[in-house]
Amino acid sequence: MTDDHDAICTNFAVVRQFDDLDRVVAIRDTISALNHSDVTRADVDRGLETPLTTREAAALFTCLQKNGAATQSATDERGFWAYTFEVDPLEVDRVLTQQAAVIASDGRSPQTGKDEVVEFVATLPGGFEPTSARVRSIPDIASTIRNQVFNADSSVRIANPYFDPSLELVSDLASLPRRGVETQLLTRETADEEGDTRTTLNKMWDLIDEDNRDNFEVRDLYRWDESQGSQAFATHAKIVIVDCRVCYVGSANLTDTSLSTNFEFGVVVEGDIVEDAATVFDEVFEYSYPVDLPI
Amino acid sequence: MADSEMKRGLAQVMYRFGPESLFDYGRRGLSMKVSRWETNKISSLDANYVAEQIATHASSFRNDDEDPWVDLTVDDVDFRRPNRVVGSLYPLTMYCQNRSCHRVVSKKEPSHFVYTNGECPECSDELRQLAFVLVHDCGNMMSINPQPCSNPDHGYDHIYLNKQNINDPLSWHFYCGECGDFCGNMSKRCTKCHKERVYFRPIASNSVYYSQGDVLVNLPIDQRYSDDIEYGESWARILMAAHLGDLDDVVEEEGKTYEELGRMTTDERDAKRREKQIEDLKEEVGAEQVEKMIESGVDIEDVFDVAEDTIKGSTREEVVEENRERVKLPSQRGGDSDVDQAYSTLSHELFTYLRSTQGYEGNLDATDGMERQPTPLSLDGLLEQEDFLESNPEAEVYPEKLQKVNIASAWVVDNLPLLNYTFGFTRDRPERSRTDLQPFPHPRGEDSTPVYVDQTPSEAIVLQVDRSAIIEWLDEKGALRGVERPDTDDESDLKEWFLENVDTNELRDHYSPIEDDLTREVYTLLHSMSHALMRTASGQCGLDSNSISEYVMPSVPAIFLYASSTEHFSLGGMHTLFKTRIHPWVDETIADVQQCVYDPVCEHEDGACHACLHMSEVACESANGNLDRRYLVGGDRGRIPAFWESGYV
Ligand SMILES: [Zn+2]
Ligand SMILES: [Zn+2]
Ligand SMILES: [Zn+2]
Ligand SMILES: [Zn+2]
């Protein structure tokens, strides 16, 4: 840390991530008011109306660290944003005041909110050789879901009718509750003794340690109409909603063929509209039948 | 019996369903032997290098002095890619599962069972395969068959299985139902080597078949030039020169590829130079004039003052000569007869490293078959992307974080071409020195030894270790006595030092000890680092820990951690790790390596055991040899200095 309290910041991670001047000031005041020097994201959240997002937390601590106002003092397997930092309150005041000044002079209007971002994703059929660069460059569904899931911070909602228990993505999903991420899974026919869904759910259950099993909730949406001899209703949606922030919707099941050799297509949406998807999911989830694990 | 179609990933098939292996056929409760593979011939691979690797592997088996392994060269090998597995019913002895019957039906061909309709000829109950085979460490596998009854009228017609003591198959035997004659038991003398009596194994036992093969990185060479490239020393020296930065001008300014440099001779360069001179002259004095001069036989260089460097560009001879002056390999100095092998290993390492970190130097669109070239993204390049930093603000601190473990540069590489190959199998036991390595039968009955290969794109993280940090550490450890220290401020001097002091020949066979002290120190340091990082990487990127493999290049020095998973959809894990998880990865690695549950025993003995640094054999390139945690964190009462900064908390 430096003794030079007039030093000019060289890193502007905060400016790049926050465009609300008041929010940066609130963070600064929160940290200054703490009577201890070890600071975590949770400490900052207590002083804010809306808690920090993962990106914001990462930007804040990067900026403080790069400008000599903080040093990493304890690690956390969840990631950088969950680390503990030893801060120098005077330095924090200097750094965040400068960042706030830059935001102010930038004239950016607070709380504009970013526009929705929409991107297509696909699994391309096995053996198929795309001729155009555009097709070649379309992101792969499996990696997209995987990356989203790894960035999850507080919640993940998944709707998916069919599973492959051997799929590695399944263990990735099981790692969510382990990391403290609230994970809700909507599927079907969990009672089917021969079915892969049952095997998969039990496997996920096994992978989650007892302390974190509360973070994993499964519901079943499937009813057979005896009188008609046909399916009355069932879920067939394939959705992954991460932190109410980003949402994948597409055709692929979480199976080997869907994620490696089928032609499957989908979109990834980011922005406020994702909250609509979460609302729909939540209502349907509520309507579905709770599943007791292990089955 | 129906042929079994290839549905699983090819790499997995190659490992588990090699020719002559045994497997359970689905839910039908049948076991089958892979009788052969249908294949296509493969030509586009670094055949010399792969053949050398196979010869090295083969040399540690008991029958290394026998055909086809003795003096195996590329000419003895036929590279093929499997596209279909053909299996047939095995073993060929069935018995009636009705407990009061146990009638035995044994046939010579699987098709002969068609007439039985799967039913006992005696009581029509279901026939079941005898779930045991005989295997010997010479590689032989035999069916357990009854002998005919000594009464020629009975022959094989009334054989039954005596399973009196159901829990002790050793006591089971065949007998004739007519006269009660003994017709054989569950063992027999090996029919191939005739040496020993062989006892049964359950079909599901591991020891029935051990596949022998490996994975290596196999970058394609530009096939347009490959015939003209002089391999061996010349190719190795061109790549060394490129690595040392001596060819930066020709590669960058003139867009030359290593392959082009590897083939350009002085004559060719002079011809090109003359062509260029003529073009320049035509511009200056007019085409007609120049044509006339040439026709009349005037030497244009006599008439005009032509600049020598109208065509820049080094020729193969120049580059090789210059590099020969500059770099003396350890095997060269010792008058080692294996110096050719050193050139071959070094070429493979340097070519892989250069292309994986710098990409292909030429124009990919103009080149057929080069789509398998790796595409690297450096950490520096990633940090220049504004939108990336916006979504991953902590990435700005990655370089500092990596510096804590002395990693100077890092890349994530897409499309890294992996070559999976299998060259034979052993039975009965896994130890190389106690078994015979069996070659596969040739699928077309030819004389050559078939080697099955599969090429798949993968992804890797490449870590270049801080060269000057290694020198400082070696010096502190006292390992530099009698060795000249390089100028640690000069990258190219440092690079040269590693080429001149690490003996790659010592590392060719990962099953024998490294005798050269300095090479062993450097390799142990890098290998321990590689394992420490591999063990924690899996948790960070979601890949199973056996799905990450290593390729340690001590002469660069660099570490490749690549996804060797056979499941194509699992790609992306290394990217996730590189882009978003460097912090927890490095921190967890540093913390993890400090202690082992078997400390203080582990620390005082080898500094590595299955609880701390060991990985499964598939993931490790050298069977967990040359590993020591103390190299990273310090130990042995101060005699081993710590390579890693540990005071991060
Ligand atoms: Zn019978
Ligand atoms: Zn008889
Ligand atoms: Zn240990
Ligand atoms: Zn290893």
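In summary, A:Glu56 and A:Arg23 engage in a salt bridge, as defined by a charged side-chain N under 4.0 Å from a carboxylate O. Of the charged side-chain nitrogens involved, at least one lies within less than 4.0 Å of a carboxylate oxygen, so that A:Asp153 and A:Arg41 count as a salt-bridged pair.
Note: B:Tyr398 and B:His583 have tilted aromatic rings, judged against thresholds of 30 and 60 degrees for the angle between ring planes.
Not less than 6.0 angstrom separates the ring centroid of A:Phe61 from the ring centroid of A:Phe80.
Heavy atoms of B:Ser391 lying under 4.5 Å from chain A belong to its backbone as well as its side chain. For A:Asn11, the part lying under 4.5 angstrom from a heavy atom of chain B is the side chain only. Proximity to chain B is limited to the side chain of A:Tyr83, based on heavy atoms less than 4.5 angstrom apart.
Of all the listed residues (A:Ala13, A:Gly79, A:Ala82), the one sharing the greatest number of non-hydrogen pairs under 4.5 Å with chain B is A:Gly79.
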